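Okay, so here's the structure we're looking at.
This is a predicted model, so every value here is computed, not measured.
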Amino acid sequence: MIYKGLLFLLWFCVWLLLQWPPSVQYMVTGAFVSLLVSFFTADIFSSLYTKEEAPPAKGGGILSFFSRIFWFLCYVAVFLWECLMANIDVAWRVLHPGLPIRPGTLRLRTKLKSDIGLTFLANSITLTPGTTTIDIDKANGYIYVHVLALKEGCEKPEARQCLADRFERILERIFE
Amino acid sequence: MNEAIGSSLIVIGVIFDFLGCLGLVRFPDVYTRLQASAKCVTLGTCGILFGLFLVKGFTATGVKALLCLVFILLTSPVSAHALAKGAYRSGVKPWEGTVVDQYGEDAAGKV
């Protein structure tokens, strides 16, 4: 039931934004449509969520909630900064006549376990220019990343954690 | 003031989108080209959309631009990842200048 309410709110907000500025006529239509859609799709979403029983949050409580929000804001700031730097770096490599790229795929070990944490990590890696997530091996805790310009020495098997370190440390505090 | 910042963001976005397309032509193989197109999305298209929002403010156009920004940020990494994995699984070899290929060495990368 709570999923239906949350989904209804979400769909209704999206509808409102699509029909901005709000008017009574559209709001009534939107309420009707989002009610219908949330009624039909809530089962899918709730089954997705409960299929893999989420581990009980450590520490719980309101303090943990606010610390998660705080770390999420930190994560957004770090992500925007990394993104900007990586954008400029890739733009320089595109414009350079010698095309200074050293592409390769890396196997990175990750400490994240939860689905949503892994999704966020993989998507942030892909959104950052110069790195793309290819695959996730959840059983062994590996993610495979294609890198446009590897740093010197990163290709050796003993080299560890050449990237994604910073994202992971923050995401651990939000989702684990 | 907002208009000035918005316009400069749009200009920056167009420049980065152009550089992304240039990279698409210059880079040697599927995977590196995907990297170039990923760069288009973050600073390029998102810059343009956010600049449009700053210029237009909370009007019908501006709010839709913000909504598009969110959807692009959600969908583009998924499609890039699916393309990369699909290309690898169907046997597209990385460029010969590739330094290391740890995905191919592992069982996960075998077809």
Verify the cluster assignment for [X] and [Y]: are they in a single hydrophobic cluster under the rule of side-chain heavy atoms below 4.5 Å apart?
X	Y	answer
A/Met27	A/Leu7	no
B/Ile48	B/Phe50	no
A/Val37	A/Leu10	yes
A/Phe40	A/Trp11	no
B/Leu69	B/Leu9	yes

- Query: Among A/Pro21, A/Gly130, A/Ala122, which residue forms the greatest number of heavy-atom pairs with chain B at distances under 4.5 Å?
  - Reply: A/Gly130
- Item | chain B contacts, top residue of A/Val90, A/Thr126, A/Val94, A/Leu84 (heavy-atom pairs, under 4.5 Å) |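 That would be A/Val94.
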Where [X] and [Y] come nearest, the two heavy atoms and their spacing:
X	Y	result
B/Ser76	A/Leu127	OG-CD2, 3.9 Å
B/Phe27	A/Leu99	CE2-CD1, 3.7 Å
B/Arg26	A/His96	NH1-O, 3.0 Å

To the nearest 0.5 Å, what is the distance between [atom1] on [X] and [atom2] on [Y]?
X	Y	atom1	atom2	value
B/Leu66	A/Leu17	CG	CG	8.0 Å
A/Asn123	B/His81	CG	NE2	8.5 Å
B/Leu67	A/Leu16	CG	CG	11.0 Å
B/Phe16	A/Ile88	CZ	CD1	5.5 Å
A/Ile101	B/Trp95	CD1	CH2	4.5 Å

- Look at the side chain of B/Gln35 and the backbone N and O of A/His146, then say whether any donor-acceptor pair between them is shorter than 3.5 Å. yes
- Short question: side chain of B/Lys85, backbone of A/Ile134 - any donor-acceptor pair under 3.5 Å?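 It does not hold such a pair.
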- Task: Mind ranking B/Thr59, B/Leu73, B/Leu43, B/Leu22 by heavy-atom pairs under 4.5 Å with chain A and telling me who comes out on top?
- Result: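 That would be B/Leu43.
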- Side chain / backbone / both / neither for A/Leu80 at chain B, heavy atoms under 4.5 Å: neither
- Just wondering, more than 12 heavy atoms not from A/Tyr26 lying within 6.0 Å of its OH?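 Open.
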- Item | Residue B/Lys56 excluded, over 12 heavy atoms near NZ under 6.0 Å |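 No, the 6.0 Å shell around NZ holds no more than 12 heavy atoms from other groups.
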